[in-house]
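Okay, structure first, notes after.
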2 protein chains.
Amino acid sequence: MPSADRRLEPRRKPRQVRAELTRDRILTAAAHVFAESGYAAGTTNRIAERARVSIGSLYQYFPNKDAILAELLVRHIDRGTWTGADELDLSPGTLEATVRALVRDAIDNHSDDPALLRVMIEEAPVSQELRDTIDRHGKQRTAQVLDVVVRHPDVHVGDPAVAAEMILLTVEINTHKFMADRGTTPVETFEDELVAMVTRYLRGDR
Amino acid sequence: MPSADRRLEPRRKPRQVRAELTRDRILTAAAHVFAESGYAAGTTNRIAERARVSIGSLYQYFPNKDAILAELLVRHIDRGTWTGADELDLSPGTLEATVRALVRDAIDNHSDDPALLRVMIEEAPVSQELRDTIDRHGKQRTAQVLDVVVRHPDVHVGDPAVAAEMILLTVEINTHKFMADRGTTPVETFEDELVAMVTRYLRGDR
DNA sequence: GACTATTGTGAGCATTAGCTCAGCTAATTT
DNA sequence: AAATTAGCTGAGCTAATGCTCACAATAGTC
């Protein structure tokens, strides 16, 4: 294992459609392999094999294994970006509904491929570089939530900025944990409790 | 990297004091090495070197690298077990204080060695076996929290069991995140917000 | 068709980590 | 003080993975 290049940028960018396709095939294959075997056992050779692409091609578009994971992670995060954020209802009495929408989003995002998510969140080594990338992509979401926290009339918290970050992390992680090892608890129960937690916190009256 | 023995039990248990000492030296060294270099780069040879112990000795007490991490993790968890749980105040109006105690515990536990904690939580590969061990040790805490949730007169939540697990995860993770990359926010602010979140959730009035 | 740019190939190298084991030293027991 | 048990050593083996690079194939352009 040579000391890997820590850069996440590829050495070549796709210019033709077939290249774009190869790239996608690699990513899809990587998702499957990681989900099935975990990060360490998900070798680049296996990924290439599964994608029916030569290992050389893989290294055309991804400088190293971590970069593949990074891309998958970023895709997950970006997929979670709140689409209907513009037409947010800021009238009194709608707080719970807004929070519920946020929670539902998270649950949906974690429904697709819990195994892959587990690998990415629990098993993958997170470099400083990757952490920065994640933060950058998370900023958008934090901003959206912060916007609600600041502008919604029903919200009463001490420090909106801290609140926004706390809420996002809490929703994300709890959802992940719940989806990763489902017990006997129905999703609805979980959803209700999580919504209750966040809503009551935000509402903040005693 | 030979396919590692997945067992976490050592091949020999210390019988003499000097052996116990060697074991401790290894663990302490491992904590340092992991904290400094991360999990992947924290090789067993470097750990042994740092502990001034031969690599052979290391493998007397730990069957593989993961086992060392497992022990460190378990120690962290066990250290967090609520000591004063017996004399819990269950009279009305004391809920916030109880929650604050829980949060303070978490903060204290993460103050010692944030770097190591980050490696253990974010970077370390978590096998099924290790996950089970963690769960087992976490059970005690969940039980304690569940006890409060069920018995305290001020608590009103839909599903106490779900609530207990959610609270623990939320407090642990938020504390970890906060301590891992301290921004400009003072600890007190963070503490207050986290306490508010949990307390308001538990109190459950609207 | 000729020429260039882009994309794809895969055997195998370089590296490095985890771990073993044969034999030594120290403690304990008899 | 001999015998036995426990503890310690470290050179080096085994295995495997990430990754390179010289070349081949395909697509695009004139």
Side-chain angles (χ1 to χ4, degrees), chain A residues 1-27 29-30 33-34 37-71 123-125 127, chain B residues 1-27 29-30 33-34 37-71 123-125 127:
Chain A
M1 198 193 301
S3 71
D5 196 339
R6 238 56 268 85
R7 142 183 60 95
L8 294 178
E9 288 307 303
R11 61 202 61 182
R12 189 189 282 176
K13 287 203 168 166
R15 256 140 241 256
Q16 300 177 9
V17 255
R18 105 187 128 132
E20 205 86 52
L21 251 135
T22 315
R23 233 188 85 95
D24 278 353
R25 289 241 300 288
I26 294 169
L27 277 172
V33 171
F34 283 152
S37 330
Y39 186 72
T43 73
T44 45
N45 282 295
R46 280 176 70 185
I47 293 172
E49 196 180 2
R50 171 123 196 187
R52 292 157 171 279
V53 154
S54 90
I55 182 67
S57 290
L58 188 152
Y59 279 96
Q60 302 269 329
Y61 302 109
F62 302 93
N64 52 53
K65 189 176 163 178
D66 288 1
I68 304 180
L69 181 94
E71 174 105 17
E123 217 173 295
S127 66
Chain B
M1 196 194 305
S3 72
D5 196 339
R6 233 73 248 87
R7 141 182 64 94
L8 295 178
E9 289 305 305
R11 61 202 61 183
R12 187 193 282 176
K13 288 202 167 169
R15 256 137 242 258
Q16 302 177 7
V17 255
R18 100 185 131 135
E20 205 87 51
L21 252 137
T22 317
R23 232 189 86 96
D24 278 353
R25 289 241 299 288
I26 294 169
L27 277 171
V33 171
F34 284 151
S37 332
Y39 187 71
T43 72
T44 46
N45 281 295
R46 280 176 70 184
I47 293 171
E49 196 179 2
R50 171 122 196 187
R52 292 158 171 278
V53 154
S54 91
I55 182 68
S57 290
L58 187 151
Y59 280 96
Q60 302 266 326
Y61 302 109
F62 302 94
N64 53 54
K65 190 177 164 177
D66 288 1
I68 303 180
L69 180 94
E71 174 103 17
E123 218 173 291
S127 67

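Side chains are part of it too, since the values below use all heavy atoms of this structure and drop only hydrogens, waters and symmetry mates. In the text below, chain A, chain B and the rest are named by the order of the sequence lines, each starting its count at 1.
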inquiry  = Counting primed atoms plus P, OP1 and OP2 as sugar-phosphate and everything else as base, spell out the protein contacts along nucleotides 1-9 of chain D at 4.0 Å heavy-atom distance: B, S or - for each nucleotide, 5' to 3'.
reply    = -----BBBB
query = Rounded to whole angstroms, how far apart are CG on B/D66 and C1' on C/dC19?
reply = 13 Å
query = Under the side chain to side chain donor-acceptor pair (under 3.5 Å) test, which residues partner A/T44, sequence neighbours left out?
reply = A/Y59
ask   = Of the non-hydrogen atoms in A/R25 and A/R52, which two are nearest, and what is the gap between them?
value = NH2-O, 3.2 Å
task = Would you mind reading off the distance between A/N64 atom CG and D/dC19 atom P, rounded to a whole angstrom?
result = 5 Å
inquiry  = Just the rounded figure in Å: distance from C1' of D/dG18 to OH of A/Y39.
reply    = 11 Å
request  = May I ask you to list the residues of residues 40-48 of chain A, by number, that have any heavy atom positioned under 4.0 Å from an atom of DNA chain D?
outcome  = A/T43, A/T44, A/N45
remark   = To the nearest angstrom, the CD-P distance between A/E49 and D/dG18 comes to 13 Å
ask   = Any idea which heavy atoms bring B/L69 and B/A124 closest together, and the distance?
value = CD2-CB, 3.4 Å
query = Which atoms form the tightest heavy-atom contact between A/I26 and A/L58, and what is the distance?
reply = CD1-CA, 3.7 Å
ask   = Between OH of A/Y61 and CD1 of A/I68, what distance do you get to the nearest 0.5 Å?
value = 13.0 Å
note = What one should report as the nearest heavy-atom pair of A/P14 and A/A19 is CB-CB, 3.6 Å
request  = Mind calculating the distance between CD1 (B/I68) and C1' (C/dC19) to the nearest angstrom?
outcome  = 12 Å
key: Atom pair CD (A/E123) and OG (A/S37), whose distance is rounded to the nearest 0.5 Å   = 9.5 Å
task = Could you walk me through whether B/D66 and B/Y39 pass side-chain hydrogen bond (donor to acceptor under 3.5 Å, both in side chains), step by step?
result = CA-CA 10 Å; B/D66 288 1; B/Y39 187 71; 2.4 Å; yes
key: Between P of D/dG12 and OH of B/Y59, the distance in whole Å   = 19 Å
request  = For B/I26 and C/dC19, give me the distance from atom CD1 to atom P, rounded to whole Å.
outcome  = 14 Å
key: Donor-acceptor pair, side chain of B/R46 and main chain of B/A41, under 3.5 angstrom   = yes
note = note: A/R25, atom CZ; C/dT7, atom P; distance rounded to Å ~ 15 Å
